[in-house]
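Worksheet: one structure, shown below.
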Amino acid sequence: MKNAFKAPAWLLMVATFFVPMAIIGVYSFLTRGGYGGIERPFTMENYTRLFDPLYGVIFARSVSIAAVATVFCLLLGFPLALFIARSAHKNFWLTLVILPFWTSFLIRLYAWMFLLRDTGLINTLFHTNLPMLYNNGAVILGLVYGYLPFAVLPMYATLERLDNTLLEAAADLGATPLRGLFSVTIPLAMPGIRAAAILTFVPCIGTYLTSDLLGGSKTILIGNLVQNQFTTARDWPFGAAASLVLMGVALGLLFMAKRRGEELL
Amino acid sequence: MNAILELRAVSKHFPTHRAVDNLSLEIPRGAFFSLLGPSGCGKTTTLRMVAGFETPTSGEILLNGARIDHLPPYKRNVNTVFQNYALFPHLTVQGNVEFGKPKKSIQHVLEQVHLTGKESRRPHELSGGERQRVALARSLVMEPDVLLLDEPLSALDPLLRKEVRAELKELQRRVGVTFLFVTHDQEEALELSDQIAVMNRGVVEQIGTPQEIYQQPKTKFVASFLGAMNWIDGAGIRPECLRISSEGVRAVVVNSAFLGPFVHILAQLESGEQVRAQVAPDQAATPGETIFLSWNQRDEKRF
């Protein structure tokens, strides 16, 4: 009986997760077709190609840009989450945090292009000629902007549950508000901070839209590489292999973070 | 002036009500001083104003003769044992006790509260009694001028509570720190305190030793809040002051309970009111029996 209730969930998992993953897995060992698609024979070549230093640079760049964006999301998101958790108007501020989702991310990125480009609003307004678009900085800015809510919400959830008498106890024992923050609030908010880091790092490492629109020709990330293989390059097997390796790298980094995190607690 | 802590006309008004109204107290150095009253009487708010978690609307708070009411909690030499103890869950016993004084040896204070050997435990691995002792140790290591205790026994189970009560009094004598103790339990206050301030609706009704408060209550509230009180013709008489005799007020026994050293009798007066008497076992009466109750004039409390 119990298993019968689980059946729809299993069906959904099989249809939307296991089957697509298996298809990608099989594709990654096949040869590209002449006009896209796939052909036999089975080969390991798609994976060996990824060892080319050219792709190593792309992987490293993706990881470091995602890491920097995650750090900024945490640094900006934590004070905001703390502010909302202690505010008397929590729902108002939370609505503002979620509000951008009501507009397409694509449109919001175009808005940033409009602001940042050489003849954009900022350069026009300040009569400057700063090269703000098409570089790594612009990509990081776009990622931080896009994924900040994903950092704020889990941190808010733990901070909102934090027992305020613990901070009173810290103050009672002579701790200044700053020491209370670092020795009580932040350690107790670690589960939320870790969840925030994962929820921003994972989508950032696989991003292609942000780097495509805000990044320059030199800012190619793994996401763009994968996208290219499935569109213009028409090399589906190589794209599949790259996306699987990306997943492996992300999972490996998360596993490392989790292990370290558990020791922290 | 021997008062270590003094409250002068302190008030705390919230938008909806007056939690504390024009309260004045002097707490002698080294005393076990209790604030006793029902929930919502303002005793916890008073304690929180001394600790610095609430700012008085008006009035002054003086510690060792110096105003502290404008200081943040971390600059006041008073420490609090919270009702739920508020131990830091991410720190060990040692981490909790060292929190306020990281460089000081904590062995002495751990010995005082019998926690030696439990330094590396986390709060969730401790019993309720042990947690309470960690909270005490964490505060005592700060060497406060006054230790503030907010119903520290209410989180313990009733059996443990009586045991811990005796320990607490003993500890206070040994360390010699002034205790400001908040409780709604009159028995607790009577047993532990050198002095009690009985509070009701934000004001102090009476301050005195346990004997004074119990035997010479100044208001009807104090008389009824501490111990049982019968009201006969407007006079208050404690159950233990009533006797069964050959003449006096006529009453019919409703219930009689033998409790070993004494018998509890519930009787109904002719006016319809019920009274309780605590009498010697040889004076026992059976339900339905008509008895006469008498008492000494000097045991009557009139307000």
Side-chain angles (χ1 to χ4, degrees), chain A residues 74 77-79 81-83 85-92 151 154-198 257-265, chain B residues 15 44 47-54 68 71-92 95-104 106 109 122-124 131 134-152 155 180:
Chain A
L74 295 180
F78 188 83
L82 195 60
F83 167 79
R86 291 179 185 176
S87 159
H89 311 283
K90 294 187 177 78
N91 286 337
F92 170 74
M155 290 195 285
Y156 163 79
T158 50
L159 289 170
E160 200 262 332
R161 282 197 312 260
L162 190 74
D163 181 2
N164 190 47
T165 52
L166 292 176
L167 283 169
E168 287 186 348
D172 191 72
L173 294 166
T176 58
L178 197 67
R179 187 173 168 227
L181 176 70
F182 281 103
S183 56
V184 177
T185 309
I186 290 178
L188 289 175
M190 271 325 278
I193 295 173
R194 206 172 306 119
I198 291 168
K258 186 170 179 280
R259 284 255 296 261
R260 241 183 295 141
E262 275 170 354
E263 279 161 18
L264 264 175
L265 261 182
Chain B
T44 296
L47 196 82
R48 290 175 60 81
M49 285 192 285
V50 176
F53 306 134
E54 305 278 359
I68 57 162
L71 294 176
Y74 53 90
K75 286 189 178 161
R76 301 184 185 201
N77 197 22
V78 295
N79 289 105
T80 310
V81 173
F82 292 85
Q83 188 166 8
N84 62 0
Y85 310 136
L87 300 182
F88 303 121
H90 59 300
L91 299 178
T92 60
N96 270 279
V97 178
E98 279 179 345
F99 189 90
K101 285 270 163 76
K103 289 188 180 99
K104 199 177 154 181
I106 58 163
V109 77
R122 301 272 167 146
H124 67 88
R131 268 180 231 160
V134 175
L136 276 168
R138 183 174 78 169
S139 296
L140 286 174
V141 83
M142 304 297 291
E143 296 175 13
D145 287 324
V146 180
L147 185 65
L148 311 171
L149 300 104
D150 186 7
E151 308 234 10
L180 179 56

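A note on names: the letters A, B, ... follow the listed sequences, proteins ahead of strands, and every chain is numbered from 1. These figures come from a predicted structure and were not determined experimentally.
Taking all atoms of both residues into account, the shortest heavy-atom contact from B/Pro144 to B/Ser139 is CD-O, 3.4 Å. Listed here is the closest heavy atom pair of B/Leu91 and B/Pro123: O-CD, 3.1 Å.
Of all residues spanning residues 170-178 of chain A, those with a heavy atom less than 4.5 Å away from chain B's heavy atoms are A/Ala170, A/Ala171, A/Asp172, A/Leu173, A/Gly174, A/Ala175, A/Thr176, A/Pro177, arranged by number. Heavy-atom proximity under 4.5 angstrom to chain A picks out B/Val78, B/Asn79, B/Thr80, B/Phe82, B/Asn84 from residues 75-84 of chain B.
Using a 4.5 Å cut-off on side-chain heavy atoms (C-beta onward), A/Leu181 and A/Phe78 make contact. Between B/Val50 and B/Leu47, every side-chain heavy-atom pair lies at or beyond the 4.5 Å cut-off. Taking the side chain as every heavy atom from C-beta outward, B/Glu98 and B/Lys104 never approach each other to under 4.5 Å. At least one side-chain heavy atom of B/Leu136 sits less than 4.5 Å from a side-chain heavy atom of B/Leu149. Residues A/Leu188 and A/Thr158 fail the side-chain proximity criterion, which asks for heavy atoms closer than 4.5 Å.
Using modelled atom types, one side-chain atom of B/Tyr85 and one backbone atom of B/Pro152 make a donor-acceptor pair closer than 3.5 Å. Using a distance-only test at 3.5 Å, with no hydrogens or angles considered, no donor-acceptor pair links the side chain of A/Thr165 to the main chain of A/Glu168.
In terms of heavy-atom pairs under 4.5 Å with chain A, the best-connected choice from B/Gly52, B/Pro72, B/Pro89, B/Ala51 is B/Pro89.
Using a 4.5 Å cut-off between heavy atoms, B/Arg138 contacts chain A through both its backbone and its side chain. Only the backbone of B/Leu87 comes within contact range of chain A, with heavy atoms under 4.5 Å apart. Residue A/Leu166 touches chain B through both its backbone and its side chain, counting heavy-atom pairs closer than 4.5 Å.
Within a 6.0 Å sphere centred on NE2 of B/His124, other residues, nucleotides and ligands contribute more than 12 heavy atoms.
Rounding to the nearest 0.5 angstrom, the gap separating the CD atom in A/Glu160 from the CE atom in A/Met155 is 15.0 Å.
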